[in-house]
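Below is one structure, written out as C-alpha cells, with a few remarks after it.
Labels below follow one simple rule: chain letters A, B, ... track the order of the sequence lines, proteins then strands, and each chain is numbered from 1.
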Amino acid sequence: MIRSAKMSRYSPAEIEARWQAAWEKDDVFKAVRSAEKPKYYVLEMFPYPSGRIHMGHVRNYTMGDVIARYKIATGHSVLHPMGWDAFGMPAENAAMAIGGHPKDWTYGNIADMRDQMKPLGLSIDWSREFATCDPEYYGQQQALFLDFLQEGLVYRKNAIVNWDPVDMTVLANEQVEGGRGWRSGALVERRELTQWFFKISDHSEELLAALDTLDNWPAKVKLMQANWIGKSRGLQFAFSTIDAPEGFDRIEVYTTRPDTLLGASFVGISPDHPLAKLLEKTNPEIAAFCAECRKGGTTEEAIETAEKLGMDIGLRVRHPFDTSWELPVYIANFILMDYGTGAIFGCPAHDQRDFDFATKYGLPIISTFLPAEDADPKVTEAFVPAKSEKVYYNGKFAGETWQTGEEAVAAAIEACEAQGVGQGVTKYRLRDWGLSRQRYWGCPIPVVHCDACGVVPEKKENLPIELPYDVDFGTPGNPLDRHPTWRNCACPSCGAAAKRETDTMDTFVDSSWYFARFTSPHADTPTVMEDAAYWMNVDQYIGGIEHAILHLLYSRFFARAMQITGHLPESAIEPFDALFTQGMVTHEIYLTRDDKDRPVYHLPEDVTDGKLADGTPVEIIPSAKMSKSKKNVVDPLGIIASYGADTARWFVLSDSPPERDVEWTASGAEAAFKHLGRVWNISTRTTEMPKDEEGEGDTDLLRAMHKTIHDVTMGVESFGFNAAIAKLYAFTATLQKSKAGHTAQREAIMTLAQLMAPMTPHLAEEIWTAQGGTGLITTAPWPKADAAMLIDDTVTLPIQINGKRRAEIQVPADMPKEEVEKRALNHEAVLRILDGATPKKVIVVPGRIINVVV
RNA sequence: GCGGGCGUGAUGGAAUGGUAGACAUACCAGACUUAAAAUCUGUUGGGCCUUGUGCCCGUGGGGGUUCGAGUCCCCCCGCCCGCACCA
C-alpha cells in the first residue's frame with residue numbers, strides 16, 4: 001500500500017520513481033489476452049538504438065502512451081510493446097571509426113536507451129521487448145525468407161549498385177556525396193550484381209486497390225503510396241529499325257501519351273538497354289558515352305537532376321504511321337532501364353524534358369494539340385496541360401478534335417490496336433524490392449551456393465544462421481566475404497562442401513514484420529496464429545511521415561506474404577488499421593561567427609537572453625530540426641532531472657498539434673512545470689478544506705467539469721492533444737478560482753487528475769491517492785460526461801451584415817429559427833445599420849450565426 | 001527534376017465553410033515584499049477618429065467560388081518530407 005508523504009511541494013523526482021515501481025509491481029501494463037475485454041494494439045515505430053533518446057522519441061512515445069493509457073481506462077486489453085530496430089550501418093561505421101564490435105556497440109546502446117526511456121513512465125509491456133539483431137528474432141526472419149522462397153515470393157536477378165572503385169566496395173546512397181564515395185572521394189560508378197528480390201510488383205494492383213480500405217490513414221500518405229505504385233495505362237509498340245544489328249529489327253517502347261505519337265521527333269534508349277550494351281562492345285565512342293552515363297549515384301534524384309545527355313547512335317527507325325518518316329535513335333542518360341521497356345519516343349512539344357533535349361540536339365518540335373483552335377502552333381516551351389483538360393488536336397489522329405488528354409489516350413490506344421500498331425498495356429512504376437546488402441550487420445540470407453546443386457535454401461533446422469563474432473572492420477567491404485571459415489558449409493541438398501551466401505538483408509525487412517512478432521515475441525515460429533489473430537491488427541500506429549512510402553508499403557506487402565505462407569490470418573493483410581504521422585521536435589539554433597565568417601554553434605544551455613556567458617550576442621535561427629552538429633539539442637534526461645517526466649510529457653504535447661513540428665523552448669517547459677505545480681497546489685488546498693461547509697457555485701464548477709470531460713475525451717480520441725491540454729488549462733483556472741464546497745471541489749480535482757493521467761500519469765496517481773481514490777488511477781474507469789450538464793440554456797449568436805460581424809444576441813438554445821430571425825432583425829444595431837433598407841436574405845444557422853444580406 | 005505536405009499576432013498555436021487569434025509563451029502594468037525571487041491579477045494583431053454597442057485593414061502573395069473563406073478551387077513564392085542501399 002502506497003502512502004504519499006504529507007503534501008507540500010510538487011517534487012516529481014520523489015513521486016515518479018515511486019509510481020513507476022507501483023505499476024511494475026502490479027504488472028499493470030502486461031498485455032493479456034482477455035475473453036471479456038475488447039483488445040487494443042497501439043504501436044509507435046520502434047527506434048534505432050543510437051544510444052541516446054531525444055525529444056522526438058519523447059514526443060512519439062508519449063503520444064502512443066496517451067492512447068494506450070486512455071484505452072486501458074476505457075476498458076480495453078491493451079498491447080503496447082517496445083523493441084529495437086537494431087541492424088544497420090551506423091554500428092559498422094562506429095566499429096570502423098572508433099573500433100569495437102557492432103554487436104557490443106548495439107547492445108550497449110540498447111541498454112543505455114532502455115535506461116533513459118524507463119523514467120518516462122511509459123505504459124509498455126517490457127516482457128515483450130526484443131531487438132532485431134537477436135538471433136531469436138532474425139532466425140525467425142530467415143524462416144520467413146525460406147517460406148517466401150518456396151512460395152515464389154523471392155527470386156534473384158541482376159541489379160545496379162553504387163560501386164566505389166578505390167575502396168572496392170558497394171556504397172549506400174547516403175554514402176555517395178556529389179557523385180563521389182564518402183571515404184575515398186572516388187567518382188562512384190554503377191555496377192551490376194546478382195541480388196535477391198521480393199516480388200512486391202506482383203502485388204501492385206492489390207496494394208493500390210486496398211488503399212481505399214484504409215479509412216483511418218492520412219489521405220496524404222495514401223496519395224503518396226498510390227503515386228509511388230504509379231499505375232499507368234499506355235501503349236506498347238515497336239519502331240522498326242533500318243539496318244540495325246541482328247536481333248534489333250524492332251525497338252519496343254512504352255508510352256503513356258500515344259496521342260502525341262505524331263509529335264515524335266526521336267527515339268531514346270537507356271544506356272543499359274540491350275542494344276546500347278551490344279553497341280558499346282564494338283564502338284569505343286558509344287562505350288565511352290555509356291561509361292559517362294554510368295557515372296554518379298543510382299538514385300532517381302541524381303539521375304533526374306543530372307544534365308541531360310544524349311548521343312545519336314546513327315541508327316534510324318521508321319515511324320509506325322508513315323514508313324517514309326525516319327527518326328534518329330539516341331542513347332540518353334535519363335532513361336531508366338527499370339521502367340517500361342527502357343526505351344521511349346520523345347515528343348518535345350508536350351514534355352519539358354524532351355523539349356530541353358530536342359533544343360539541345362537540334363531535333364524537330366512538332367505540336368499535336370493546342371490550347372485553342374487558332375493558337376500559334378510554333379512552340380517556344382513544352383505545352384503540358386492537365387490530362388483532364390480539353391485541348392484542340394490539330395493533327396489527324398484518333399478521337400474528337402476537341403477532347404481531353406485522357407480521352408485522346410484511350411482513343412489513340414484503340415486506334416493503334418485496330419491498325420495493329422502495338423497494344424494497350426497497364427504498367428506500374430513500383431519495382432521489385434531488392435533486399436541484398438553487401439554488409440555484415442544484418443540478417444544473413446539463409447541460402448547456400450553449391451557447385452553441383454546451385455542456389456539451395458538452408459534447412460530450417462539449421463536456423464538461425466548466426467553472424468560470426470570474429471570479424472574485422474580494418475578494410476572496407478563485407479567482413480563476411482573475408483571471414484576464413486564462416487562461409488564453409490555442407491550443401492543442404494547433396495551434402496558436398498559448399499559456400500554460404502554472404503549478403504545480408506536490407507534492414508527494411510527487419511521492420512516489415514516486427515509488429516506481428518510482438519504478438520508472440522518469444523515463440524519458436526515467426527508468429528503463433530492464435531496470438532496474431534487476437535492482437536492483430538495494430539489499432540493505432542504512430543510514426544514519422546518520412547516512412548510514408550517505403551516502410552509502410554513494405555510492411556503491407558509482408559503482411560500479404562505472411563498470410564500466403566500461413567504466418568498471419570487473412571484479416572491481417574492490412575496490418576495497420578489507423579495511422580498517425582507525428583511532427584518533429586525543433587529548437588532554435590544559436591551561432592556566432594569565427595574570423596573567417598564560418599558558423600560556430602552553441603548549446604542552448606550556454607545561451608541566456610540571446611547572449612553567451614561573456615556577453616557575446618548570438619544569431620538565432622528559429623525552428624530547426626534538432627541535430628547534434630548544429631548543437632540545437634535538448635537532452636530529455638536533463639529535462640527529467642530538472643522538472644520530471646510529467647513536465648516533459650505535458651510540454652511535448654501541449655504546444656503544437658501532434659502532426660506538426662513542435663518547438664522546444666525553455667520557457668515553455670518552465671511553464672508546463674509551473675502548471676503542474678498549480679494543479680498540485682489545488683489538490684493540497686482541497687485536502688485542507690473544511691469538509692462540511694457550504695460553498696458557492698457547485699453546479700457551475702461541475703458543469704465546467706463535464707464540458708471538460710467531453711472536450712478532453714474528444715481531443716484524445718482525435719489526436720487533438722494540444723487542444724485537449726488547452727481545455728485542461730482553462731478548467732484548472734476555473735477550479736482554482738472556484739468557491740465551491742469540498743465535495744464538488746474534490747470531484748473536480750479527481751476528475752482533472754483522471755483527464756490528465758494519460759499525459760501526466762505520476763502526478764495523477766499522487767493526487768488520486770491524496771484525495772482517497774480507490775486503487776490506481778491508471779486502471780480506474782475513464783470519467784463520463786453527463787449529457788444533461790453539457791447543454792446551455794442560452795446561446796450567444798453573432799449577427800453578421802453582409803458577412804461582417806456587427807452585433808450579437810442572446811437567445812434560448814431551443815428558440816425556433818423564425819423567432820431568432822425576427823429578434824435579430826429587431827436588434828438595435830441591426831436596425832441602425834440597415835437604416836430602413838429591406839434585407840434581401842437572412843441566413844440563420846441554429847446555434848451558430850445569423851447573416852443578414854442587404 | 002518528380003511526388004506529397006505546410007505557411008495565422010513579438011512567439012508556439014486555436015478555429016465541423018459560420019464571432020480569426022482559444023490556450024500558452026514573451027512583454028508591459030499592478031498586488032504582495034525592505035528588496036529580489038516565487039506567487040497572484042490585469043493589458044497586448046495593426047491603423048483611424050468623432051473614444052463608440054465606432055470604422056477600416058489583417059491568416060505567405062495574387063486571383064476565384066460562396067450569403068459567408070484561415071478553411072474550398074487556380075496561379076505564384078518560401079520552407080519541410082520522400083525519391084527505392086539512411087533508419
Side-chain angles (χ1 to χ4, degrees), chain A residues 45 47-48 50 85 87-90 159 161-162 170-176 195 200 218-221 223-228 230 297-306 308 334 338 352-353 429-439 506-508 510-511 544-551 553-554 581 583-584 622-623 625 651 654-657 659-665 667-668 670-672 674-675 677-678 681 720 722-723 725-730 733 736 796-800 802-808 828-829 832 840-843 845 847-854:
Chain A
M45 290 180 186
Y48 180 79
S50 62
D85 190 11
F87 275 136
M89 294 202 305
V161 293
N162 301 304
V170 176
L171 297 178
N173 284 336
E174 72 156 12
Q175 296 174 317
V176 179
Q195 312 214 55
I200 188 172
K220 63 180 170 186
V221 174
L223 186 55
M224 281 191 262
Q225 291 216 351
N227 288 340
W228 185 262
T298 57
T299 67
E300 194 171 306
E301 184 189 6
I303 292 164
E304 292 286 336
T305 53
K308 308 287 174 280
F334 56 87
D338 284 323
Q352 191 58 46
R353 191 171 56 185
R429 203 185 74 101
L430 180 64
R431 310 200 293 257
D432 278 334
W433 169 13
L435 68 119
S436 301
R437 296 292 181 270
Q438 295 71 41
R439 271 183 269 285
D506 177 10
T507 55
F508 271 123
D510 311 338
S511 56
I545 186 70
E546 66 272 22
H547 296 293
I549 297 174
L550 293 181
H551 163 62
L553 192 60
Y554 290 159
T581 56
M584 295 182 300
S623 297
K625 182 177 184 169
F651 179 70
S654 68
D655 241 30
S656 281
E659 67 275 17
R660 260 203 255 175
D661 294 350
V662 65
E663 169 119 355
W664 183 275
T665 59
S667 57
E670 179 77 30
K674 281 183 191 172
H675 177 74
R678 271 194 292 273
N681 290 340
N722 57 326
I725 283 178
K727 301 289 185 188
L728 289 167
Y729 268 112
Q736 190 161 33
T796 304
L797 296 181
I799 304 173
Q800 293 182 334
N802 288 336
K804 286 181 194 288
R805 182 184 170 278
R806 297 296 172 181
E808 59 182 41
E828 186 195 336
R832 179 166 48 77
K840 280 190 204 143
K841 194 171 174 186
V842 180
I843 293 134
V845 184
R848 278 286 177 193
I849 204 162
I850 301 147
N851 191 10
V852 181
V853 186
V854 284

Report which part of the nucleic acid [X] touches: base, sugar-phosphate, or nothing (heavy-atom distance under 4.0 Å, all strands).
X	answer
A/G668	nothing
A/F334	nothing
A/E828	base
A/V176	nothing
A/L553	nothing
A/G230	nothing
A/I843	base
A/D338	nothing
A/H675	nothing
A/A829	nothing
A/Q195	base
A/S511	nothing

Donor-acceptor contact present, side-chain [X] to main-chain [Y], <3.5 Å:
X	Y	value
A/R429	A/W228	yes
A/N851	A/G803	yes
A/D506	A/R437	no
A/D85	A/P47	no
A/E304	A/E301	no

For [N], does the base pair up with any side-chain atom of [X] as donor and acceptor (N or O, under 3.5 Å, distance only)?
X	N	answer
A/E546	B/C83	no
A/E300	B/C83	no
A/N173	B/C85	no

Check the phosphate of [N] against [X], side-chain N and O only, distance under 4.0 Å to OP1 or OP2. Yes or no?
X	N	value
A/K804	B/C57	yes
A/N227	B/G4	yes
A/K674	B/U39	yes
A/R431	B/A84	no
A/T299	B/C83	no
A/R806	B/C55	yes
A/R678	B/C40	yes

Atom pair distance, as rounded to whole Å: [atom1] in [X] and [atom2] in [N]:
X	N	atom1	atom2	answer
A/I725	B/G12	CD1	C1'	13 Å
A/Q800	B/G68	CD	C1'	6 Å
A/K840	B/C67	NZ	C1'	10 Å
A/R805	B/C56	CZ	C1'	16 Å
A/L728	B/A22	CG	P	18 Å
A/I200	B/A84	CD1	P	14 Å
A/I849	B/A69	CD1	C1'	12 Å
A/Q438	B/C86	CD	P	13 Å

- Query: Nearest of B/C85, B/G82, B/U25 to any side-chain atom of A/V170?
  - Reply: B/C85
- Output the single nucleotide from B/A24, B/A87, B/G13 whose closest atom is nearest the side chain of A/P90. B/A87
- Return yes if a side-chain donor-acceptor contact under 3.5 Å exists between A/Q800 and A/E808, otherwise no. no
Spacing of the [atom1] atoms in [M] and [N] (rounded, Å):
N	M	atom1	answer
B/U44	B/A24	C1'	15 Å
B/A38	B/G54	C1'	43 Å
B/U25	B/C77	P	39 Å

- Which of A/V176, A/I303, A/N173 passes side chain to side chain contact (heavy atoms under 4.5 Å, CB included) with A/T298? Answer is A/N173
- Query: Can we say A/K220 and A/E659 salt-bridge, meaning some charged N sits less than 4.0 Å from an Asp/Glu carboxylate O?
  - Reply: no
- Base-pairing mate for B/C83 - Watson-Crick or G-U, with both contacts under 3.5 Å: B/G1
- Item | Earlier contact from the 5' end, RNA chain B, for A/E304 and A/A726 | A/E304
- Item | Comparing A/P47 and A/K308 on RNA chain B - which has the more 5′ nearest nucleotide | A/K308
